Chemist: 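Below is one structure. I have some questions about it.
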Protein chains: 2
Amino acid sequence: MTATDDAGLTVGEAAGSLRVTVRTLHHWHEIGLVAPGGRSASGYRLYGAADLARAQRVQLYRELGLPLEEIGALLDGGDASASLIEQRDRLLTRIDELRAMVNGVERMIDAGSRGLLLTARQQAEIFGPGWDPAWVDEARERYGDSAQWSEYAERAAGRDASDWQGIAETMRSLDADLASAMREGVEPGSDAANALAERHRDTISTHFACSHAMQVCLARTYVDDPRFTAHYEAFAPGLAAWLQRVIDANARAHGVDPATAVWE
Amino acid sequence: MTATDDAGLTVGEAAGSLRVTVRTLHHWHEIGLVAPGGRSASGYRLYGAADLARAQRVQLYRELGLPLEEIGALLDGGDASASLIEQRDRLLTRIDELRAMVNGVERMIDAGSRGLLLTARQQAEIFGPGWDPAWVDEARERYGDSAQWSEYAERAAGRDASDWQGIAETMRSLDADLASAMREGVEPGSDAANALAERHRDTISTHFACSHAMQVCLARTYVDDPRFTAHYEAFAPGLAAWLQRVIDANARAHGVDPATAVWE
DNA sequence: CGTGCGGCCTCACGTCGCGTGAGGGTCAAG
DNA sequence: CTTGACCCTCACGCGACGTGAGGCCGCACG
């Protein structure tokens, strides 16, 4: 009467009408989720109306993200609403996890593209009046491709204003100690000077792993870039040049030739 | 100076300080993501400071959901911000997918617990004045544990008001045709009566797969439950009893004995 | 000096839902 | 009789490890 005269559809036909792949039906058969009602004489799977109906129910629950095993239990008399409620909870917790990831990713993106997650006002408060927020953009422009910038950005993404406060204070006290050491006549290459050089390197290493060679390169900029020079000269005249000699001597003591040292 | 006197940590120690499992470090080594700096004389992995730093960077990106392969490329000089932007998009699309699933799951939960997703007002509009919304609750109470109720709920979750409109009209026209057939003297067991019985079964099957035996059980309720009886008597006196005879005769023609037929 | 116990090593299989061949039979049309 | 489209059964691959199995290593205790 209802004119499906034959014994059923082949996998390909069933797959077509269900809009799934043949492999999917094979898999569902393998795990006993949807078995074809029978086989043709030559071993072809034959799916009857009841099989197709079951497969459709499987699809319905699969679209809700339920694991196939649970769908099987559910279709064979299990408690649907219990599974559904559990599934809703799983989905919601997963969504929360993903949202936390999005949050983190966006912090990282911002840190990488802005250099700092602080507003200009916050930067002024934390780094003091000598600070120009445009420097961050310039630094990103020049070093944004380097591995060290990536490292810097990763760490910056995890810092908030109070973290920066601490870092800024550490740097200020280092600058002050450098200035008084110079005034007290500490000689580059002396133990005291080398200790200060290492303290400088540690401080830089809060931003990225800084080798002795890199430190030498940084010291060059302190002398060559008038803005850095001005920063150190404000603490004590001649400080930039003295710091370079301190860093160079310490580098030599660690087997690095300051004359030929390169970044990386 | 900074007093990590030895050549590095063993896997267990490294795993402890990184708060990952030993197996995870093994895996990262296998795929070349984080290799230990060296080995002890007896073949133990030894992780140095640089290795631990790299592992920490891996953790950072792993928490953002990036695949390990991409993290590897990224740490070895790849473009971090490109990966991050792509990752954000992947996360957002995934979140949308999960939200759609939550939506579907909640529809299913509601359909299962309420029986219908329509408001009482909508039900009155669609099913007419003879309809009592409390019947749905009663039906859920009595049949909520059956496989057929699950099927019904699954399908109900996918229907909106206009779908129900169509279903209600189909049922009304069937009732009308049954009444006129009875008045015209159609005999139970005749081809015309059997065709009507099958049409009834098809209509019920929009809600769940209805066998001939189940149909016989339904017909019994039509006669036994005064509310169903009243529904049919309103169309034509004696209609409920006549319909039962039609259904029973058709069941017999399909090899089902109405006297012993049970649900399932 | 042996002995135990905890940590390390290297395979190697299991997870979940299929995708993607490999190698070979089946079916209807030309 | 051939061709091409279908079907069959293995069986590996993915991603990020978990979980043993079987065996070596190192340190403390008797």
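Every chain is numbered from 1 and lettered A, B, ... according to where its sequence line falls, protein lines coming before strand lines. Atoms considered below: every heavy atom in the structure, side chains included; atoms not considered: hydrogens, waters and symmetry mates. These figures come from a predicted structure and were not determined experimentally.
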Chemist: Roughly how far apart are B:Thr24 OG1 and B:Leu33 CG, rounded to 0.5 Å?
Modeler: 11.0 Å
Chemist: From B:Ile247 CD1 over to B:Asn194 CG, what is the distance, rounded to the nearest 0.5 angstrom?
Modeler: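 Here the rounded value is 11.0 Å.
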Chemist: Rounded to whole angstrom units, what separation is found between the CH2 atom of A:Trp28 and the P atom of C:dC18?
Modeler: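 Between P of C:dC18 and CH2 of A:Trp28: 7 Å.
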Chemist: If a pair means Watson-Crick or G-U wobble with both distances below 3.5 Å, what does DNA chain C look like in dot-bracket form, with | marking bases paired to a different strand?
Modeler: ||||||||||||||||||||||||||||||
Chemist: Applying a 4.0 Å non-hydrogen cut-off, can you work out what B:Ser40 is touching in the nucleic acid: base, sugar-phosphate, or nothing?
Modeler: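 No contact at all - B:Ser40 keeps every heavy atom at 4.0 Å or more from the nucleic acid.
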Chemist: What's the CZ-P distance between A:Arg62 and C:dC16, to the nearest Å?
Modeler: 16 Å
Chemist: Any chance you could measure A:Met108, atom CE, to B:Ser81, atom OG, to the nearest 0.5 Å?
Modeler: 9.5 Å
Chemist: At less than 4.0 Å, is any side-chain N or O atom of B:Arg39 found next to OP1 or OP2 of C:dC8? Yes or no.
Modeler: no
Chemist: Walking along DNA chain D from 5' to 3', note the first and the last nucleotide with an atom under 4.0 Å from a heavy atom of chain A, and give both.
Modeler: D:dC6 to D:dA11
Chemist: Please report the closest heavy-atom contact between A:Ala153 and A:Ala111, naming both atoms and the distance.
Modeler: O-CB, 3.5 Å
Chemist: Could you grab the distance from atom CD1 of B:Ile95 to atom CZ of B:Arg90, nearest 0.5 Å is fine?
Modeler: 13.0 Å
Chemist: Return whichever of A:Glu30 or A:Ala41 has its heavy-atom-nearest nucleotide of DNA chain C closer to the 5' end.
Modeler: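 The 5'-side residue here is A:Glu30.
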Chemist: Find the distance between CG (A:Asp79) and CD (A:Glu86) and round it off to the nearest 0.5 Å.
Modeler: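 Reported value, rounded in 0.5 Å steps: 10.5 Å.
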Chemist: Any residue in residues 14-24 of chain B with a heavy atom nearer than 4.0 angstrom to DNA chain C? Just list them by number, or reply none.
Modeler: B:Arg23
Chemist: How long is the line joining CG of B:Leu25 and C1' of C:dC9, in whole Å?
Modeler: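 The answer, rounded to whole Å, is 14 Å.
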Chemist: Return the set of residues passing salt bridge (Lys or Arg N to Asp or Glu O under 4.0 Å) with A:Asp163 (not counting sequence neighbours), or none when no residue passes.
Modeler: none
Chemist: Does any pair with a residue in residues 17-40 of chain A pass salt bridge (charged side-chain N to carboxylate O under 4.0 Å, His left out), and if so which ones, sequence neighbours excluded?
Modeler: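 Non-adjacent pairs meeting salt bridge (charged side-chain N to carboxylate O under 4.0 Å, His left out): A:Arg23-A:Glu30.
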Chemist: Write down the distance between NE2 (A:His27) and P (C:dT15), rounded to a whole number of angstrom.
Modeler: 11 Å
Chemist: If I take atom CD in residue A:Glu70 and atom P in nucleotide C:dG17, what distance separates them, rounded to the nearest angstrom?
Modeler: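 Atom CD in A:Glu70 sits about 10 Å away from atom P in C:dG17.
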Chemist: C:dG7, C:dC27, C:dG17: which one has an atom nearest the side-chain heavy atoms of B:Tyr44?
Modeler: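 Closest of the options to the side chain of B:Tyr44: C:dG7.
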Chemist: Kindly state each residue pair satisfying side-chain hydrogen bond (donor to acceptor under 3.5 Å, both in side chains) with at least one member in residues 57-66 of chain A, sequence neighbours excluded.
Modeler: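 Those involving residues 57-66 of chain A are A:Arg57-B:Glu154, A:Tyr61-B:Glu154.
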Chemist: Taking CZ from A:Arg45 and P from C:dG25, how many angstroms apart are they, rounded to a whole number?
Modeler: 18 Å
Chemist: In terms of the angle between their ring planes, are B:His207 and B:Trp164 parallel, tilted or perpendicular, with boundaries placed at 30° and 60°?
Modeler: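 It falls in the parallel class, under 30°.
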Chemist: Return no unless some side-chain N or O of B:Ser42 is found under 4.0 Å from OP1 or OP2 of C:dC8.
Modeler: no
Chemist: Might you point out which heavy atoms bring A:Asp51 and A:Val34 nearest each other, and give the distance in Å?
Modeler: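 It is O-CG1, 3.8 Å.
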